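All figures in this text were calculated on a predicted structure; none of them were measured in a lab.
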Amino acid sequence: TVLFFGRSHPHKGLEYLIQAQPMVSSRVPNARFLIVAHGDDLKRYRHMIKDKSKIEIFDGFRPSAEAMSFFQKASLVVLPYLSASTSGILMTAYVFAKPVVATMVGCLPEYVLQGETGLLVPPKDPSELAKAISLLLLDDDLRRRMGANARHLAEEQQKKIGMQLISIYNKA
């Protein structure tokens, strides 16, 4: 199961994931795509889907417990963004030990360690996106190892932030 989670804003690159889906499905016939998104642009993306049996859309904001269940079900999380300054979805995926396939935009290359916590692809490239998704879906060991590395990175980041916060409190 491939998860896209968040707003359906154009800079999130959802259209490229939708274009990549047939290529992924040709390589991994049992691949499922979950799009859990909110925003007016979602209507436009629905019309782009060629095989509605492969993509399930959950429209609207989701409460935390329900959002957690989507991340638990996912094999990997996809961030096909065209631009990014930060991504809460990225760290959420890491906390759930999910590798990510993300584009090389904004801060994403700083947090997606190529081949360790996920795979980076060029933006606006459905073919490369499909190859990366397929690679992770077809290689259980690689996907699990990257997921474990992602979880470890998230834990290290949480410890670092916690120590910085304690230092600030002590100074105050």
Side-chain angles (χ1 to χ4, degrees), residues 1-18 20 24 31-39 41-42 45 56-125 128-129 132-133 135-137 139-169:
T1 299
V2 177
L3 176 63
F4 175 94
F5 192 95
R7 291 194 54 203
S8 63
H9 194 273
H11 80 275
K12 298 288 185 156
L14 182 54
E15 68 187 272
Y16 299 100
L17 178 60
I18 291 169
V24 173
R32 287 183 53 222
F33 290 75
L34 289 178
I35 297 172
V36 183
H38 57 91
D41 295 320
L42 195 54
Y45 296 122
E56 192 170 1
I57 297 178
F58 293 85
D59 187 354
F61 183 80
R62 301 292 164 185
S64 295
E66 190 177 356
M68 287 177 17
S69 72
F70 288 112
F71 281 91
Q72 289 168 338
K73 290 176 191 173
S75 301
L76 62 103
V77 176
V78 180
L79 307 172
Y81 299 173
L82 306 182
S83 65
S85 55
T86 61
S87 175
I89 303 303
L90 175 66
M91 281 299 163
T92 303
Y94 283 5
V95 167
F96 282 93
K98 304 303 176 182
V100 300
V101 174
T103 50
M104 295 180 276
V105 298
C107 70
L108 297 180
E110 295 175 41
Y111 292 98
V112 179
L113 306 178
Q114 180 71 352
E116 292 181 41
T117 62
L119 299 172
L120 290 164
V121 300
K124 299 181 181 180
D125 192 336
E128 288 299 313
L129 187 62
I133 292 168
L135 175 66
L136 288 177
L137 289 177
D139 191 333
D140 293 340
D141 291 336
L142 178 63
R143 191 177 64 252
R144 286 187 188 108
R145 186 171 62 252
M146 284 186 182
N149 291 342
R151 173 67 185 225
H152 178 73
L153 180 67
E155 290 169 351
E156 291 301 312
Q157 288 288 331
Q158 288 172 341
K159 286 178 192 174
K160 181 179 174 182
I161 291 168
M163 295 304 290
Q164 290 172 342
L165 195 56
I166 289 170
S167 175
I168 291 168
Y169 282 137

So CG of Leu153 and OG1 of Thr117: to nearest 0.5 Å the spacing works out to 6.0 Å

For the student: nearest non-hydrogen atoms of Tyr81 and Val105, plus distance: O-CG2, 3.6 Å

If every non-hydrogen atom of Pro123 is compared with every non-hydrogen atom of Thr103, which pair is closest and at what distance? CA-CG2, 3.6 Å

Name all residues meeting the side-chain hydrogen bond (donor to acceptor under 3.5 Å, both in side chains) criterion together with Glu66; count only those two or more places apart in sequence or in a different chain, and write none if there are none. Arg62

CG on Leu76 to CG on Leu135, rounded to 0.5 Å: 10.0 Å

Kindly state each residue pair satisfying ring pair (Phe, Tyr, Trp, His ring centres under 6.0 Å) with at least one member in residues 86-114, sequence neighbours excluded. Phe71-Phe96

Kindly compute the distance separating CG (Leu3) from CZ (Phe33), expressed to the nearest 0.5 Å. 11.5 Å

Considering all heavy atoms, the nearest Ser8-Ala37 contact: CB-CB, 4.1 Å

Taking side chain as C-beta onward, heavy atoms only, is Lys12 less than 4.5 Å from Leu82? no

Just so I know, are the side chains of Val95 and Arg151 near enough to count as touching, which here means a heavy-atom distance under 4.5 Å? yes

Okay, side chain of Lys98, backbone of Ala74: is any donor-acceptor separation there less than 3.5 Å? yes

Checking the side chain of Glu128 only, and the main-chain atoms of Pro122 only, is there a donor and an acceptor separated by less than 3.5 Å? no

Distance-minimising heavy-atom pair for Glu110 and Leu113: O-CD2, 4.1 Å

Between Leu119 and Met146, is there a side-chain heavy-atom distance shorter than 4.5 Å? yes

Between Leu120, Val112, Val121, which is the residue that forms a side-chain contact (heavy atoms from CB on, under 4.5 Å) with Met104? Leu120

Might you point out which heavy atoms bring Ser75 and Arg143 nearest each other, and give the distance in Å? O-CD, 3.3 Å

Using side-chain heavy atoms (C-beta onward) and a distance below 4.5 Å, is Val24 in contact with Leu137? yes

Within 6.0 Å of NE2 in His152, more than 12 heavy atoms from elsewhere: no

Set out, in order, the CA-CA distance, both residues' side-chain angles and the distance that settles side-chain contact (heavy atoms from CB on, under 4.5 Å) for Ile133 and Leu17, then state yes or no. CA-CA 10 Å; Ile133 292 168; Leu17 178 60; 3.7 Å; yes

Should Val2 and Leu136 count as side-chain neighbours, where that means a heavy-atom distance under 4.5 Å? no

Taking C-beta and beyond as the side chain, do Val101 and Leu129 meet within less than 4.5 Å on heavy atoms? yes

Do Pro10 and Asp41 have side-chain heavy atoms sitting under 4.5 Å apart? yes

Phe4 side chain reached by Pro80 side chain, heavy atoms, under 4.5 Å: yes

